[in-house]
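Lettering follows sequence order; numbering is per chain, from 1. Predicted model only: the values in this text are computed from it and were never measured. Note that these values count all heavy atoms, side chains included, but never hydrogens, waters or copies made by symmetry.
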Amino acid sequence: MSQETAGSGPENTQAPPRHFIHEIVASHVQSGRYAGRVGTRFPPEPNGYLHIGHAKSICLNFGLAREFGGTCNLRMDDTNPAREEVEYVESIIQDVNWLIQGWADPFLNLKQAGTSSGIGLLAKDKGNRTLEPFYASDYFGQIYDFALELIRKGKAYICDLSPEDTERYRGTPDRPGQDSPFRDRSVEENVDLFQRMKAGEFVDGARTLRAKIDMSSPNIWLRDPVLYRIRHVEHHHTGKAWCVYPMYDFAHCLSDYIEGITHSICTLEFEVHRPLYDWILESLSLPRELPKQYEFARLSLGYTLMSKRKLLQLVQEKTVIGWDDPRMPTISGLRRRGYTPESIRHFCELIGVTKYNGLTDMSLLEFAVREDLNKKSHRAMAVLHPIKVIIDNYPEGEVEWLEAVNNPEDPAAGHRKVPFSKEIYIERDDFMELPAKKFYRLFPGNEVRLRYAYILKCVSMEKDSEGNLLALRATLDPDSKSGGATAGRKIKATIHWVSAPHATRAEVRLYDRLFTVEEPDAADGGGYASHLNPKSLEVLSQCVLEPSLASASPGQRFQFERLGYFCADTKDSTPGAPVFNRTATLRDGWVKEQHKTV
RNA sequence: UGCCCGAUGGUGUAACGGUAGCACAGCAGACUCUGAAUCUGCUUGUCAUGGUUCAAAUCCAUGUCGGGCAGCCA
């Protein structure tokens, strides 16, 4: 184990997560299989942005490498050029680095740039070496040679069946398929045709290379699966070098073998592919110990989607502003929303790794961020729905700068000064003309404490001709300032406030779940589009913040006291004109109390 | 009605033949210059039926329910 190289933090002192895959790997290490070495990989297809489900896989694969002193390769699983783009490659690199930085980055295995056959994309610099991720497309030459070996061994053949006929011949799950009429071509003819496929002599779909296994197998994936197809499409990484591309099943196991992967971990839907994974590797004359595939259940989260295809649709149809919309379950969306990598990693630890297809509660993700942000974020006062309070017995023009604690969870965070004056804003919800049961904030005649300031009493209301509340008039107890003579008086509620003349105006964006039903994806649900939450985004443009927030830098996180955790938007916020995203609310006992009486 | 996989409180998980535990959520209380945090306590569970065993969540059988597989997608 080489945990000492993995930085510090709770993850380094706690026991690593235990689960069935962990046990398998641990037993292999113990028994000296693969010479005690552990090599995993995270193999996304660059056809979309990474989401929280990928984070689970990243944590699993990198966590194993980290614990056993192995390596985890970042590999683009890019065998289908029609759907893949460099933009996605770039986002994947960024998201993986962001997620594992300070935790498992020493175990991230990249390769030296320039050794690939394609158009290199630079990942990052480490020392003097320029590194880039692995690409399955870098192995197209080797994979092609392996295909030739299979053909020469009589284990693969060129099939001229049309896509429709291929499907027909395959049969159905409960009915065996039939042999292709081209199944018994000679090795020479197969080699010749395969070479001519590669040379570009045939149009898309004209022929395929197929494994010769068993058309009557109960496992569909063993019914002579297609290994290579013709696609006259330019590839984002290999350019125009190829017009035949290997299928996932053929490329993946071989990529694993080529990279020296020991444990190839994927999701449950590939379980039925495992016999094919093994068949391909065992059919070739491969000298080294073969990698093995293990499957776990992918993550499903309530009230959101995890399918890249559907997330892409939300982006394309402009339902959201982009892949990094803070409502998206993407890593970039969560990052923009204000989630920390630590909180996402902790979440992945909390959910565990099993073969059970469950539905995880959003509350667990929220718990993970709150827990992390509570420890780390500076507090500040912000009023989202302001109502003015004029303090009758406070001198006009006077300003006091009161001391406020930056983070009660972290004494080292220090203090700051917040200005107080005759006119302040408080939260509209902190006042009720006719107090509800158990409401102990401000109402006519009642006292509340103003955080870090005085005890305030509401004496009257100012309304317009239609009876709308315009402002409150109040008096304060001059001796009750924090630290003052009567400061110790027991007052049930403390509320936050912002001095009106000093307030910074800001836009604040409140986010809610994207969908109104727990499983927007459900087959019988009428389509996820019909379950979009119209209130998933609420933009508040008239918020008032304490002046220290005016200079917030993009990405900076705060707890707005009594409201929640907020993060200055990385795209739209500028010092002087801040825009904040709400990461998560604080738990709110008052909201629960209200639900009881309703 | 083919094959593969799975099933433990509301949710996610642990228990590897020997006291069903943890976390989230929920509820109640303590504390509180954040109705937050923190602390204390509580409710709720082994899919069913048989079998093996001194002993079964765990092993076996059958059934039920759920998921996956019929792309020249991954």
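Between Glu427(A) atom CD and G35(B) atom C1' there is a gap of 14 Å when expressed in whole angstrom units. Nucleotide U38(B) holds its C1' atom 14 Å from the CG atom of Asn407(A), rounded to whole Å. A straight line from CD of Gln559(A) to P of U34(B) spans 11 Å, rounded to a whole angstrom. In this structure, CD of Glu349(A) is placed 13 Å from P of A14(B), rounded to the nearest angstrom. The nearest whole Å value for the distance from the CG atom in Asp361(A) to the C1' atom in C24(B) is 7 Å. Per the geometry, CD belonging to Glu593(A) stands 12 Å off C1' belonging to A28(B), to the nearest Å. As rounded to whole Å, 15 Å separates atom C1' of G12(B) from atom CZ of Phe296(A). A straight line from CZ of Phe566(A) to C1' of U34(B) spans 13 Å, rounded to a whole angstrom.
With P as the reference atom, G12(B) and U53(B) are 36 Å apart, rounded to whole Å. Here, A48(B) and A74(B) have their P atoms 42 Å apart, quoted to the whole Å. With both ends at atom P, the span from U52(B) to U58(B) equals 15 Å, rounded to whole Å. Distance noted for atom P between G50(B) and U40(B): 43 Å (whole Å). On the C1' atoms, A15(B) is 7 Å away from A20(B), given to the nearest whole Å. If you take atom P in G21(B) and the same atom in A37(B), they sit 26 Å apart, rounded to whole Å. Distance check on atom P: A7(B) versus A61(B) gives 16 Å, rounded to whole Å. Taking atom P in both U62(B) and G2(B), one finds a spacing of 14 Å when rounded to whole Å.
Judged by the 6.0 Å distance and 45° axis criteria, Lys198(A) is positioned over the aromatic ring of Tyr144(A).
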*How does each nucleotide of nucleotides 69-74 of chain B score, in 5' to 3' order, for protein heavy atoms under 4.0 Å: base (B), sugar-phosphate only (S), or none (-)?*
SBSBBB

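Taking 4.0 Å as the cut-off between side-chain N and carboxylate O, Glu400(A) and Lys481(A) count as a salt-bridged pair. At a threshold of 4.0 Å, the pair Asp278(A)-Lys292(A) counts as salt-bridged, since one of the basic side-chain nitrogens sits closer than that to a carboxylate oxygen. Look at Arg183(A) and Asp224(A) and you find a salt bridge, because one of the NZ, NE, NH1 or NH2 atoms lies within 4.0 Å of a carboxylate O, short of that distance. The pair Glu366(A)-Arg370(A) meets the salt-bridge criterion, since a charged nitrogen lies less than 4.0 angstrom from a carboxylate oxygen.
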_Steps toward ring pair (Phe, Tyr, Trp, His ring centres under 6.0 Å) verdict (Phe560(A), Phe566(A))_ = CA-CA 7 Å; Phe560(A) 291 175; Phe566(A) 293 78; 4.2 Å; yes

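A donor-acceptor pair under 3.5 Å is formed between the side chain of Arg41(A) and the backbone N or O of Ile265(A).
At most 12 heavy atoms of other shown residues, nucleotides or ligands fall within 6.0 angstrom of atom NZ in Lys457(A). The environment of CZ in Arg489(A) is crowded: more than 12 heavy-atom neighbours from other residues, nucleotides or ligands sit within 6.0 Å.
Nearest-nucleotide positions on RNA chain B for His19(A) and Gly483(A) put His19(A) closer to the 5' end. Both Asn357(A) and Phe560(A) lie near RNA chain B, and the one whose nearest nucleotide falls closer to the 5' end is Phe560(A).
Residue-level contact check: Leu563(A) touches neither bases nor backbone, having no heavy atom under 4.0 Å from any strand. Residue contacts shown for Leu268(A) are absent, as no nucleic acid heavy atom lies under 4.0 Å away. In this structure, Tyr245(A) reaches neither bases nor backbone, as no heavy-atom distance under 4.0 Å exists between it and the strands shown. Residue-level contact check: Glu271(A) touches the backbone only, with heavy atoms under 4.0 Å from sugar-phosphate atoms and none from bases. Note on Lys308(A): nothing from the nucleic acid sits closer than 4.0 angstrom, heavy atoms only. Across all strands shown, Pro408(A) has heavy atoms under 4.0 Å from base atoms, whether or not it also approaches the sugar-phosphate. Nucleic acid contact class of Arg223(A) (heavy atoms, under 4.0 Å, all strands): none. Residue contacts shown for Phe250(A) are absent, as no nucleic acid heavy atom lies under 4.0 Å away.
Counting atom types as modelled, Arg562(A) pairs no side-chain N or O with a base atom of G35(B) as donor and acceptor under 3.5 Å. If you check distances only, the side chain of Tyr356(A) never reaches the base of G12(B) with a donor-acceptor pair under 3.5 Å.
At G26(B), one or more side-chain N or O atoms of Lys592(A) fall inside 4.0 Å of OP1 or OP2 (strictly under the cut-off). A sub-4.0 Å separation between OP1 or OP2 of A37(B) and a side-chain N or O of Arg587(A) is present.
Checked against Trp497(A) for a ring-ring contact (aromatic ring centres under 6.0 Å, His included), the options Tyr454(A), Phe420(A), Phe431(A) give a single hit: Phe420(A).
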_Dot-bracket summary - RNA chain B, pairs being Watson-Crick or G-U whose distances fall under 3.5 Å, with | when paired to another strand_ = .((((((..((((....[..)))).(((((.......)))))....(((((..]....))))))))))).....

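In this structure, Phe439(A) and Glu593(A) have side chains that are not in contact, with every pair of non-hydrogen atoms separated by 4.5 Å or more.
Considering only residues two or more places apart in sequence or on other chains, Glu269(A) meets the side-chain contact (heavy atoms from CB on, under 4.5 Å) condition with Thr267(A), Arg298(A).
Annotated as anti: G6(B), whose O4'-C1'-N torsion sits more than 90° from 0.
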